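Reminder, nothing fancy here: chain letters follow the sequence lines and each chain counts from 1. Nothing here was measured: the structure is a model prediction, and the numbers come from that model.
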Number of protein chains: 2
Amino acid sequence: MPPIVDFHLQPQLEELAKFLRQHLSVRRALLIILANCSVEYEGRSASHLGEGDRLIIIKPDGAVLVHRPWGYSPVNWQPDSKVLEVFMETKHNSEKVVVIKSVRARPREVLLIRISKAYLVAAAQGLEDSAEFVEYLDERQIRDILASHPEEIEPGLRIVRVEKPIEPGFIDLYGIDSQGNNVIIEIKRVTANVSAVKQLKEYVDAFKAKNPHTRVRGILVAPSISKEALLLLNKYGLEFKQINIEKLYRKYFSLEKRSTQKHASILDFIEKAALGSR
Amino acid sequence: MPPIVDFHLQPQLEELAKFLRQHLSVRRALLIILANCSVEYEGRSASHLGEGDRLIIIKPDGAVLVHRPWGYSPVNWQPDSKVLEVFMETKHNSEKVVVIKSVRARPREVLLIRISKAYLVAAAQGLEDSAEFVEYLDERQIRDILASHPEEIEPGLRIVRVEKPIEPGFIDLYGIDSQGNNVIIEIKRVTANVSAVKQLKEYVDAFKAKNPHTRVRGILVAPSISKEALLLLNKYGLEFKQINIEKLYRKYFSLEKRSTQKHASILDFIEKAALGSR
DNA sequence: AACTTCATGTCGCGG
DNA sequence: CCGCGACGTGAAGTT
């Protein structure tokens with residue numbers, strides 16, 4: 001059963017309010033409003049946004065987004081609202097506006113959207129979206145691949161423990177090298193920065209403190225490292241190992257993990273995208 | 001001049017493609033598409049999303065958002081695309097889909113949205129939004145308030161330097177207490193955690209290293225502190241000072257800073273919101 | 001519920 | 001353009 005879409009072009013404010021109330025009360029719809037509005041927010045922070053043309057989205061679960069005509073981020077939002085109210089308000093200059101008030105419970109945050117002119121409002125009832133979202137190449141997967149194929153870090157390296165708890169936090173990989181040294185490995189899926197180095201240093205120090213008479217190496221594994229981070233790394237006597245995440249992925253992401261057609265398709269896509277880039 | 005809104009309800013795929021191409025080519029419109037689609041992404045990461053009903057937004061600046069019917073975050077997106085293409089594709093089962101291909105330049109990322117059924121498409125040309133976005137209560141403002149009113153941290157404290165550079169980073173506030181001790185202050189606008197404590201510790205240590213024969217105190221200023229952070233703080237011999245950000249703000253946010261009507265309005269709003277919460 | 005860590009984080013600022 | 005830190009970060013997972 002396809003979703004039911006209802007809409008008004010250039011609705012009067014009274015119509016808009018009625019439309020919104022109707023679709024918020026019965027069964028929650030996805031609401032799309034294109035309108036001139038101002039926005040106030042108060043909660044963990046507070047903000048004011050003057051009048052302008054914006055896209056307002058209200059999702060069935062109470063998420064509210066106010067988008068300006070540019071950029072990725074909503075200018076104001078509510079991840080989920082406990083209370084959603086629509087009412088008319090008369091401004092000082094006796095102009096009327098439709099107010100959408102969204103209140104989030106914890107942390108308590110209030111969002112007020114004042115609409116002075118609406119260009120389009122639409123509501124969709126019965127949207128269905130149960131598809132699985134499959135993501136690749138996140139830190140966990142890289143870590144698992146390297147745990148199974150430590151030779152990609154260094155020949156002779158043997159991984160003893162994945163996500164080894166230490167005070168405080170977790171070591172991504174812990175192993176023993178060909179010389180019998182303890183090796184602590186910190187993995188980053190993006191350019192390693194100073195804080196990654198500090199984190200590794202902390203783990204190495206903590207390990208040394210607990211095991212005073214053993215030799216410990218610290219290796220930072222990442223696709224690249226910032227200049228400052230490299231300097232600090234050298235200063236601390238730690239090491240850097242560059243990896244190519246995509247290559248690792250192509251090489252090792254195991255068949256059993258992408259056995260379903262759905263999972264396999266991503267690799268086809270990567271191939272296509274790579275071709276398309278030339 | 002109000003924006004021009006064009007739309008189709010339940011467009012055929014060919015119509016959809018034509019509509020999109022038209023509004024993407026001439027002058028960029030804000031595009032809203034409610035449709036059943038699947039999405040592939042490849043770039044810094046990679047993902048696959050099967051078919052489902054979603055809201056697709058394409059902004060005039062090339063930002064692309066794919067929203068599922070719930071939650072704050074888009075499931076797939078492109079912060080700004082360099083290339084935006086729309087074309088028809090025939091699947092293996094000979095069904096046709098409209099493909100929206102968005103390519104981001106740096107980092108190179110490709111987004112493919114395959115639409116199998118469209119419920120609504122709308123385009124808005126000439127949206128105007130030049131309003132200023134004013135935000136309050138961010139770390140910078142809290143820092144400035146405390147710099148002007150150090151007695152809120154401790155009686156007799158005198159602030160010498162704001163954003164004092166140190167190796168590495170910047171001390172939020174640096175001052176001298178009533179006993180003549182150096183005081184290093186780190187401010188957080190949310191619950192202070194372990195990393196905030198470490199950051200402060202680092203600054204204090206760096207200061208001590210540079211000034212070996214002076215006494216230094218480190219104060220973490222925040223609305224609250226996590227249990228673990230407090231433990232570590234005590235271990236390091238550092239101090240915590242609790243502040244109430246909203247109270248500070250009400251008390252000190254200076255008249256000259258909110259001299260314009262616009263800026264003043266946020267306080268009215270906060271009042272109203274506070275009343276509304278009862 | 002508190003807290004930690006990851007993220008296709010995004011965004012802005014400074015060198 | 002890098003690199004770093006703040007963010008109303010959000011979201012997921014663990015204690």
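The two residues A/Phe133 and B/Asn76 make their nearest non-hydrogen contact at CE1-OD1, 3.7 Å. Heavy-atom minimum distance, B/Arg189 versus B/Ile245: O-CD1, 3.3 Å. Nearest heavy-atom pair, B/Leu173 versus B/Ala147, reported as atom, atom and distance to 0.1 Å: CD2-CB, 3.8 Å. Shortest non-hydrogen contact noted between A/Glu186 and A/Leu200 is CB-CD1, 4.0 Å.
Straight-line distance from the CG atom of B/Asp80 to the P atom of C/dT10: 10 Å, rounded to whole Å. In this structure, CG of A/Leu137 is placed 17 Å from P of C/dC6, rounded to the nearest angstrom.
Checking B/Arg140 against A/Glu228, the closest nucleotide of DNA chain D that is more toward the 5' end is the one next to A/Glu228. Residues A/Ser226 and A/Ser45 each lie close to DNA chain D; by heavy-atom proximity, the contact nearer the 5' end of the strand is made by A/Ser226. Place A/Gln199 and B/Ile225 on DNA chain C by their nearest nucleotides, and B/Ile225 ends up nearer the 5' end.
Donor-acceptor pairing under 3.5 Å is lacking for the side chains of B/Asp138 and A/Ser45.
In the region residues 184-194 of chain A, proximity to DNA chain D at under 4.0 angstrom, judged on heavy atoms, holds for A/Asn193, A/Val194. Residues from residues 51-59 of chain A lying near DNA chain D, meaning a heavy-atom separation below 4.0 Å, are absent. Listed by residue number, the members of residues 63-79 of chain B with any heavy atom below 4.0 angstrom from DNA chain C are B/Val75, B/Asn76, B/Trp77, B/Pro79.
For DNA chain D, the contact window with chain B, defined by any atom under 4.0 Å from a protein heavy atom, covers D/dC1 to D/dA11 in 5' to 3' order.
Remark: B/Tyr174 pairs with B/Phe207 by the ring pair (Phe, Tyr, Trp, His ring centres under 6.0 Å) rule, at least two apart or across chains. Applying the side chain to side chain contact (heavy atoms under 4.5 Å, CB included) criterion to B/Arg28, with sequence neighbours excluded, gives B/Leu24, B/Pro60, B/Leu84. Here B/Glu51 pairs with B/Asn36, B/Ser38, B/Lys91, B/Ser116 under the side chain to side chain contact (heavy atoms under 4.5 Å, CB included) rule; sequence neighbours left out. Partners of A/Ala196 under the side chain to side chain contact (heavy atoms under 4.5 Å, CB included) rule, at least two apart in sequence or in another chain, are A/Lys188, A/Ala192, A/Asn193, A/Leu220. Annotation: side chain to side chain donor-acceptor pair (under 3.5 Å) contacts of A/Ser224 (sequence neighbours excluded): A/Thr191.
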Below 3.5 Å, can you tabulate the donor-acceptor pairs from side chains in residues 62-71 of chain B to any protein atom, sequence neighbours excluded?
residue	atom	partner	partner atom	Å
B/His67	ND1	A/Lys59	NZ	2.8
B/Arg68	NE	A/Asp129	OD2	2.7
B/Arg68	NH1	A/Ala131	O	3.4
B/Arg68	NH2	A/Asp129	OD1	2.7
B/Arg68	NH2	A/Ala131	O	2.5

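As judged by a 4.0 angstrom heavy-atom cut-off over every strand, B/Glu139 is placed among residues touching the sugar-phosphate backbone only. No engagement by B/Arg143 is indicated, since no non-hydrogen atom pair under 4.0 Å with the nucleic acid exists. Within the nucleic acid shown, B/Arg106 comes within 4.0 Å of sugar-phosphate atoms alone, with no base atom in reach, counting heavy atoms only.
For the P atom pair drawn from D/dG8 and D/dC4, the interatomic distance equals 22 Å after rounding to whole Å.
Checked against B/Val39 for a side chain to side chain contact (heavy atoms under 4.5 Å, CB included), the options B/Leu112, B/Leu111, B/Ile56 give a single hit: B/Leu111. Applying the salt bridge (Lys or Arg N to Asp or Glu O under 4.0 Å) test between A/Glu152 and each of A/Lys247, A/Arg143, A/Lys251, A/Lys241 identifies A/Lys251 as the sole match.
One finds the CG atom of A/Leu137 at 5.5 Å from the OH atom of A/Tyr249 (value rounded to the nearest 0.5 Å).
Within the structure, salt bridge (Lys or Arg N to Asp or Glu O under 4.0 Å) contacts touching residues 192-203 of chain B (residues at least two apart or in different chains) are A/Lys198-B/Glu202, A/Glu202-B/Lys198, B/Lys201-B/Asp205.
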Check against side chain to side chain contact (heavy atoms under 4.5 Å, CB included), B/Val99 and B/Val86: CA-CA 6 Å; B/Val99 184; B/Val86 176; over 6 Å; no
With the criterion being N/O to N/O and under 3.5 Å, what pairs connect the protein with nucleotides 12-15 of chain C, and how long is each?
none

